[in-house]
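Residue numbers count from 1 along this sequence. When reading the values below, keep in mind they use all heavy atoms of this one structure, side chains included, and skip hydrogens, waters and symmetry mates. We count ligands from 1, going down the list as the structure has it; atoms in each ligand are counted the same way.
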Amino acid sequence: IQCLYLARHGQTEFNLRGRIGGDPPLTATGRAQALALAAHLRDKPIEWVFTSTRIRSHETATPLLTERPEAHAMAFKEFDEIWAGDCEGMLYSEIRERMPEVTQGRNACKYTYTYPNGESYALLRERVQRGLRRALFLAGDAPLIIVGHQAINRVLLSLFLRQRNEDVPFIYIPQNQYYHISLTPRRKVFERVPYDGGR
Ligand code: G3H
């Protein structure tokens with residue numbers, strides 16, 4: 001049996017403003033979401049906590065780890081958010097105005113579109129798959145949580161759900177719900193669990 005929790009980092013100022021990438025910390029709402037996530041998972045026997053190398057992922061995992069001093073914590077670059085290259089740190093509205101070819105390219109095929117000097121979802125899939133393999137190897141049968149990012153979690157879910165590639169960039173990844181994935185040789189169970197009445 002493999003039991004895996006998949007959470008997205010809490011709210012940041014970048015999320016509020018529609019700014020992509022970067023390394024922003026959580027807002028007060030984001031910190032409250034992190035506390036609510038930890039409280040909700042309090043009774044779950046999570047032994048491994050995987051994050052990206054980004055501040056927002058660390059800050060979201062901190063309350064979980066504080067409650068579980070015996071848990072293993074690992075930060076994987078493989079779980080860092082999709083790299084937007086020349087568009088890192090820009091507002092979506094700025095990209096639309098200053099680099100319309102990016103918006104057009106993404107609108108035409110968001111899965112295969114590669115940001116200038118950055119990544120596509122197709123490329124991202126390869127590194128996320130590498131990260132997942134490493135995480136599952138380390139955790140073995142022990143329950144684990146990955147505190148990822150929107151694009152990362154889309155790809156992770158698609159690896160379990162085998163979604164069509166073109167649908168992957170549109171999977172719903174809220175910041176106040178986590179996915180619980182439980183795999184046995186006979187069945188796969190996916191639940192989306194709300195842990196916070198907030199955003
Ligand atoms: O900053 C990246 C976003 O979380 C990914 O979202 O691919 O829908 O723009 P997007």
Side-chain angles (χ1 to χ4, degrees), residues 5-27 29-31 33-34 37 50-61 75-132 145-179 192 194-196 198-199:
Y5 297 87
L6 189 57
R8 185 179 169 199
H9 64 82
Q11 186 197 68
T12 69
E13 205 64 41
F14 275 36
N15 297 144
L16 281 176
R17 294 183 191 283
R19 201 176 277 289
I20 61 170
D23 198 10
L26 299 182
T27 58
T29 300
R31 289 194 296 276
Q33 288 167 331
L37 175 66
F50 295 93
T51 63
S52 75
T53 66
R54 299 297 175 200
I55 291 169
R56 57 197 186 277
S57 168
H58 278 281
E59 286 188 344
T60 305
F76 282 7
K77 272 182 92 62
E78 286 94 331
F79 295 149
D80 285 356
E81 183 53 304
I82 189 169
W83 183 248
D86 297 349
C87 297
E88 273 289 307
M90 286 175 78
L91 294 167
Y92 283 108
S93 56
E94 285 170 350
I95 298 173
R96 273 197 302 276
E97 281 160 33
R98 291 202 236 140
M99 304 171 82
E101 67 286 359
V102 171
T103 309
Q104 280 157 20
R106 296 196 95 206
N107 287 344
C109 183
K110 196 172 169 185
Y111 184 76
T112 53
Y113 180 78
T114 308
Y115 279 108
N117 296 312
E119 288 179 307
S120 61
Y121 273 85
L123 280 172
L124 183 64
R125 182 189 163 98
E126 291 172 30
R127 77 165 156 91
V128 170
Q129 212 162 10
R130 249 189 346 260
L132 180 63
I145 184 165
I146 300 173
V147 180
H149 300 259
Q150 175 151 259
I152 299 303
N153 291 9
R154 285 171 171 164
V155 170
L156 281 168
L157 275 178
S158 76
L159 292 173
F160 290 104
L161 287 167
R162 298 189 198 288
Q163 258 135 339
R164 293 189 314 168
N165 287 345
E166 60 265 42
D167 293 337
V168 172
F170 301 99
I171 299 170
Y172 180 48
I173 309 287
Q175 280 169 308
N176 60 356
Q177 298 176 24
Y178 61 83
Y179 285 89
R192 200 174 71 212
Y195 58 82
D196 173 23
R199 179 172 178 270

Query raised in the report: Quick one: which of Lys110, Glu81, His149 has a heavy atom closest to atom 4 (O) of ligand 1?
Result: Glu81
Report task. Could you check whether the rings of Phe50 and Phe79 sit parallel, tilted or perpendicular, using 30° and 60° as the cut-offs? Result ->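 Taking Phe79 first and then Phe50, their aromatic rings stand perpendicular (interplane angle over 60°).
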Report task. For the residue pair Tyr111 and Arg125, establish whether any side-chain heavy-atom pair is separated by less than 4.5 Å. Result ->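 SC-SC contact between Tyr111 and Arg125 confirmed.
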Query - Proximity of Arg154 to ligand 1 by residue part, where a heavy atom lies under 4.0 Å - result: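 For Arg154, the contact with ligand 1 is made by the side chain alone.
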What atoms of ligand 1 come within less than 4.0 Å of a heavy atom belonging to [X]?
X	answer
Ile20	1 (O)
Tyr92	3 (C), 6 (O), 9 (O), 10 (P)
Gly21	1 (O)
Arg106	7 (O), 9 (O), 10 (P)

Requested in this report: Provide the full list of salt bridge (charged side-chain N to carboxylate O under 4.0 Å, His left out) pairs with a residue in residues 95-108, sequence neighbours left out, each pair given once.
Outcome: Glu94-Arg98
Report summary line: Contacts satisfying salt bridge (charged side-chain N to carboxylate O under 4.0 Å, His left out) that involve residues 108-123 (not counting sequence neighbours) are Glu119-Arg127
Query raised in the report: Checking side-chain hydrogen bond (donor to acceptor under 3.5 Å, both in side chains) against Gln175, which of Thr29, Thr12, Asn15 comes through?
Result: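 Answer after filtering Thr29, Thr12, Asn15: Asn15.
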Query raised in the report: At the 4.0 Å heavy-atom cut-off, does Tyr121 count as touching ligand 1?
Result: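 Heavy atoms of Tyr121 do come under 4.0 Å of ligand 1.
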**Report entry** Check: Arg56 side chain, His9 main-chain N or O, donor-acceptor pair, under 3.5 Å
**Finding:** no
